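Hydrogens, waters and symmetry mates play no part in the numbers below; they use all other heavy atoms, side chains included. The residues of the chain are indexed from 1 along the displayed sequence. This structure is a prediction, so every number in the text was calculated from the model and none was measured.
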Amino acid sequence: MSVSNAYIRFLNLIDALDHMNPDRSLDSLEIQLLEFIVQQQAQNQATLHSRLKDLVLHGYVKLIADKKDARKKSVIPTRLAAKYIEFMSNCLEKSVKLT
């Protein structure tokens with residue numbers, strides 16, 4: 001699945017800006033995951049794994065087992081995820097046009 005739109009470009013720009021900081025050892029995705037894990041642990045809530053299972057259950061991602069090591073899985077966005085990204089992209093484009 002290939003998604004090319006304003007929202008993805010926006011996320012890539014934010015990631016690129018993060019990489020310009022030489023003191024940063026984590027990329028933006030790693031920071032978001034770490035912050036989410038810390039928040040969940042502090043609130044004694046569901047783990048990241050259960051959230052991932054929910055995304056699979058709701059049809060936003062699918063898990064593909066590695067052919068050499070079944071313990072490893074790739075997380076692949078589905079068409080439903082692409083629809084969400086397209087929706088967010090349209091919202092972003094509309095908000096930019098309004099300003």
Side-chain angles (χ1 to χ4, degrees):
M1 173 181 61
S2 175
V3 178
S4 176
N5 53 45
Y7 190 63
I8 296 296
R9 291 191 307 272
F10 173 71
L11 294 175
N12 288 336
L13 176 60
I14 291 171
D15 191 46
L17 291 172
D18 283 342
H19 287 306
M20 292 173 72
N21 181 351
D23 295 331
R24 273 245 155 95
S25 61
L26 301 175
D27 67 22
S28 61
L29 178 59
E30 292 165 335
I31 290 169
Q32 288 175 352
L33 286 170
L34 178 59
E35 289 172 349
F36 178 79
I37 291 166
V38 170
Q39 281 179 318
Q40 296 303 304
Q41 189 275 332
Q43 297 170 8
N44 294 321
Q45 297 208 4
T47 65
L48 184 60
H49 185 259
S50 68
R51 295 298 181 114
L52 186 56
K53 288 191 320 187
D54 287 345
L55 287 172
V56 171
L57 180 67
H58 292 354
Y60 285 93
V61 298
K62 60 183 175 179
L63 303 177
I64 307 294
D66 185 289
K67 292 179 182 177
K68 294 180 182 177
D69 185 350
R71 295 172 298 174
K72 295 181 181 178
K73 294 184 176 44
S74 295
V75 181
I76 309 297
T78 64
R79 290 178 194 219
L80 186 58
K83 285 182 179 181
Y84 170 78
I85 295 300
E86 185 66 29
F87 172 78
M88 293 302 292
S89 180
N90 290 336
C91 290
L92 180 61
E93 288 173 355
K94 286 177 185 174
S95 70
V96 169
K97 289 178 185 176
L98 293 174
T99 58

Tell me which donor-acceptor pairs under 3.5 Å the side chains of residues 57-65 have, and how far apart each pair is, sequence neighbours excluded?
none

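- One distance of note links CD of Q41 with CD of Q43; it measures 10.0 Å at 0.5 Å rounding.
- To the nearest 0.5 Å, atom CD1 of residue I85 and atom CD1 of residue I8 are 4.5 Å apart.
- Partners of K72 by side-chain contact (heavy atoms from CB on, under 4.5 Å), not counting sequence neighbours, listed by chain and number: D66, D69.
- N90 contributes no side-chain N or O that, together with a main-chain N or O of E93, makes up a donor-acceptor pair within less than 3.5 Å.
- A pairwise comparison of heavy atoms in L92 and Y7 identifies CD2-CA, 4.1 Å as the closest pair.
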